[in-house]
Undergrad: 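Mind looking over this structure? Questions follow.
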Amino acid sequence: MEKERSKGLSLRKRRGKGDKKPKPVIGAPRQIPMPAMPGARVGQVTTSVPAPQVRSRDKEKVADLVKRRMSTRFPVPGEQGDVPPMPSIPSMPSIPAGIGAKMPVQPRKGESKGPDIDLSQFREPAFDPEKFVATVLANSTDEEIKEFQWRLKEIRNRTSSDLQKNVFVNRTQFIVISKEIDKLKSEMRVLRGLLGELHTTTDSLKIEGSFGSTTNDVQARKHANRSSVADLTALHMSHLQALWKAVEGAQKFLPSVPGRHIVLESKHWVELNAATWKPRRIVHMVLLNDHLLIATVKKKRVDASSAPASSRTPNTKNVADKCWGLSEIDMVDLSSDATQSSRKSVSNAISLRVGKEAFVYQNESSVKKAELLRQFKKSRDELRKALRAETEDNLRRRDSVSFFAGRDPKLLEHGDLLNSLSAHGSGHSMFTVEGQSRNLRWVETQMDELDENIAHRKFEDAVSSVGKLRALAESLAKNNSLISELIHLKLDERASKLANIITANLVENPAQKTSVKSSIQWLVKLDYEDRAREAFLEARSATIKRRTRQVRFEGDVALYISQVALVQFTLIKNTVEIYNSCFEYRLASALVRWTKEHITTYIGLLDRQLATVEPNSKVYDDCMEITRIHSTMLVECGLDFQELRNPNARK
């Protein structure tokens, strides 16, 4: 027992030497019955395998398919027949260099590659999506169509991302360009103003030259004083040139200007420190009629070896240091303002105040100080008077007839009117409006507002302004006929321009009743009633002609006449209604004449269509009945024409 445990347990059965199992015997191979292979004949089936049972219905079905297959005739190459030639395979162009060409779209893994995508076809203006799909995906499978759709989505996403990147990259350039455009606009605005002033000045010179207001006495006086004025101008120029030579850098501060001359030249002034009143340097003052020049006295450098012994004393030179306009500075005498303790130290001193800065100068001579103060005050007062006179002259020139005519060059053609206004003077150009005194500048302002309303197509405001200005001109006709004539002259030009714009708007939209009515009312207020009537009727005639031509003749005379009659009589009726609502009854003769012309045109068209139709036929009677029915539209509007052809008559 212990021996068996030591060997371990086993599931095998112990056999003795006499218990041997006999080996199995392998028999001969036998054939296993298998179904018949496709295409094999029935006779080839082994007799051991039983033949499958076929139903009679299946036999008939197979026989029918075989007969159809055998009766089909295929064309032989070279035979003449109606078989169309095989279409050529379209060649797909390569993807151009661009957004899609930089990164070609690759098909997804596991899917077949679809047709190539040519991005240049999408950029063509005459691109037809349906034709493109029918051409490219004509013979594609479902998988290829899905792949093509996926590639299109990929291209769209890539194009969108590229567009965003380009926008971000070019944003800085856009900002810079916009700033440059704004700067250019401001510069062009300044240039336009300068050109306007130049044009005004040129026209003013032309007008003043044409007036010929100078007399022989004035010309003789000017001729007598011409030599003295020339001598004085030459003298002033010689003084300036001497100043440029004596003071270094003076020409930079004081260039040659007509009328500029030297009033006083004062030397030996000492510049003091404004806080401590200690002397700093010696200066010279040159007072002109419009400026004050301060020149510093400096020593020249002289070479001792080259200069002779007698001339070794240092020489001095004047250098321009400061220069101000007389209107910018104030000169104060410090001697009168000094205290008792410091009166001796600041005697004969003056203070120049330029803005927030102050400069103190002192001279030993009280006479020079008093002379400088007196001449400075006199020169500054004269300068102020000259500037005031120049300003008043500019305002007077702007309010004068020459300025008024310069704003409107067409007034130059009416020289008699301008000469009359110039002869009466500027006082005669004043008039009263609503209890307030006005002048030609006020009229010009009103004209500018009228031009602005016309430019912005504010027709209601523009027509109202024209009416008010015309009423003003009529009220001034008795007291101030020249101003009245001038206002009428400028108003006629702008009223004609406004009427042309409104007429063009009327011709463009002749079918909109509200717009047509408003345009006609504006033209009537502008005294262009005849133009409004003619433009409206011509526009409606063009509409009737265009609509009639759009009717197609397809062989049925009655149907064609019915459509033409409906179009023409309906449009004539609408025209009559709009005309009666916009114009007065006294102008109805033009409408009747216009309606008669179109009725005559319709009768001519009807005669041409019925030329080959028998008078008593059904087509002829239908056409005449249609015409009679549609003509009743005009009877409802108060128009009845007997020119419509008689059903029993034949032209």
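These values consider heavy atoms only, across backbone and side chains, with no hydrogens, waters or symmetry-generated copies. Throughout, numbering of the chain's residues begins at 1 and tracks the sequence.
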Undergrad: Is R549 atom CZ crowded by more than 12 heavy atoms from other residues, nucleotides or ligands, each under 6.0 Å away?
TA: no
Undergrad: Less than 4.5 Å apart, side chain to side chain, heavy atoms only: is that true for D448 and E444?
TA: yes
Undergrad: Identify the heavy atoms of S519 and I502 that sit nearest to each other, and give their distance.
TA: O-CG2, 3.7 Å
Undergrad: How long is the span from the NZ atom in K525 to the CG atom in L523, to the nearest 0.5 Å?
TA: 11.5 Å
Undergrad: So V360 and N273, do their side chains get closer than 4.5 Å, heavy atoms only?
TA: no
Undergrad: Using a 4.5 Å cut-off on heavy atoms from C-beta on, say whether the side chain of V176 contacts that of E180.
TA: yes
Undergrad: Run R533 and D530 through salt bridge (Lys or Arg N to Asp or Glu O under 4.0 Å) and show every step you take.
TA: CA-CA 5 Å; R533 182 178 64 254; D530 295 338; 3.2 Å; yes
Undergrad: Is T601 reaching over with its side chain to a backbone N or O of E597, donor-acceptor style, under 3.5 angstrom?
TA: yes
Undergrad: Do any N or O atoms from the side chain of D290 and from the backbone of S327 form a donor-acceptor pair under 3.5 angstrom?
TA: no
Undergrad: A side-chain contact here means heavy atoms from C-beta on lying under 4.5 Å apart; do H488 and E474 qualify?
TA: yes
Undergrad: With L184, which residues qualify under side chain to side chain contact (heavy atoms under 4.5 Å, CB included), at least two apart?
TA: E187, M188
Undergrad: Does the side chain of H261 reach to within under 4.5 Å of the side chain of T233, using non-hydrogen atoms?
TA: no
Undergrad: Answer whether the closest heavy-atom distance between the side chains of Q446 and E449 falls below 4.5 Å.
TA: yes
Undergrad: Evaluate the criterion side chain to side chain contact (heavy atoms under 4.5 Å, CB included) for residue pair N289 and S379; output intermediate values, then yes/no.
TA: CA-CA 6 Å; N289 63 328; S379 300; 5.6 Å; no
Undergrad: So, T575 side chain and L571 main chain: donor-acceptor pair closer than 3.5 Å or not?
TA: yes
Undergrad: Ignoring hydrogens and geometry, is there a side-chain-to-backbone donor-acceptor pair from S178 to I175 under 3.5 Å?
TA: yes
Undergrad: Does a side-chain heavy-atom distance below 4.5 Å link R546 with T543?
TA: yes
Undergrad: Taking it one step at a time, do L469 and V443 satisfy side chain to side chain contact (heavy atoms under 4.5 Å, CB included)?
TA: CA-CA 9 Å; L469 292 176; V443 176; over 6 Å; no
Undergrad: Where is the tightest heavy-atom contact between A349 and D333, given as atom of each residue plus distance?
TA: O-OD1, 3.2 Å
Undergrad: Looking at S496 and R531, what are the two nearest heavy atoms and their distance?
TA: O-NH1, 4.1 Å
Undergrad: Is the side chain of W324 donor-acceptor paired with the backbone N or O of I294 at a distance under 3.5 Å, no angle test?
TA: no
Undergrad: Please report the interatomic distance CZ(R260) to CG(L288), rounded to the nearest 0.5 Å.
TA: 7.0 Å
Undergrad: For the atom pair OH (Y579) and CZ (R540), what is the distance rounded to the nearest 0.5 Å?
TA: 13.5 Å
Undergrad: Do K322 and V354 pass the side chain to side chain contact (heavy atoms under 4.5 Å, CB included) test, and can you show the C-alpha distance, the side-chain angles, and the key distance before you say yes or no?
TA: CA-CA 11 Å; K322 300 179 180 64; V354 184; over 6 Å; no
Undergrad: Only counting residues at least two apart or in another chain, list the ones meeting side chain to side chain contact (heavy atoms under 4.5 Å, CB included) with N453.
TA: K458, D461, A462, S465
Undergrad: In sequence, state the C-alpha distance, the side-chain angles, and the governing distance for Y361 and W269, and then conclude on ring-ring contact (aromatic ring centres under 6.0 Å, His included).
TA: CA-CA 6 Å; Y361 300 97; W269 287 85; 7.3 Å; no
Undergrad: Distance from H291 atom NE2 to I329 atom CD1, nearest 0.5 Å?
TA: 9.5 Å
Undergrad: Any donor and acceptor pair, going by atom type alone, linking the side chain of H598 with main-chain N or O of K596 inside 3.5 Å?
TA: no
Undergrad: To the nearest 0.5 angstrom, please state how far the OG1 atom of T548 sits from the CD atom of Q568.
TA: 4.0 Å
Undergrad: Taking all heavy atoms of L326 and all of R380, pick out the closest pair and write down the distance.
TA: O-CD, 3.6 Å
Undergrad: Let me see the working for S266 and E371 under side-chain hydrogen bond (donor to acceptor under 3.5 Å, both in side chains), right down to the final yes or no.
TA: CA-CA 9 Å; S266 183; E371 182 66 15; over 6 Å; no
Undergrad: Heavy atoms only: give me the nearest V247-A295 pair and the separation to one decimal.
TA: CG1-CB, 3.8 Å
Undergrad: Do side-chain atoms of S238 reach the backbone of L235 as a donor and acceptor pair under 3.5 angstrom?
TA: yes
Undergrad: Go through it in stages, so that I can follow the logic: the residues are I350 and K369, the test is side chain to side chain contact (heavy atoms under 4.5 Å, CB included), and I'd like the CA-CA distance, side-chain angles, deciding distance and then a yes or no.
TA: CA-CA 8 Å; I350 61 173; K369 183 196 71 171; 3.7 Å; yes
Undergrad: Can you give me the closest heavy-atom contact between A320 and A250, atom names plus distance?
TA: CB-N, 4.0 Å
Undergrad: Would you say the side chain of E357 lies within less than 4.5 Å of the side chain of L352, judging by non-hydrogen atoms?
TA: no
Undergrad: When rounded to the nearest 0.5 angstrom, what distance separates NZ in K378 from CZ in R374?
TA: 6.5 Å
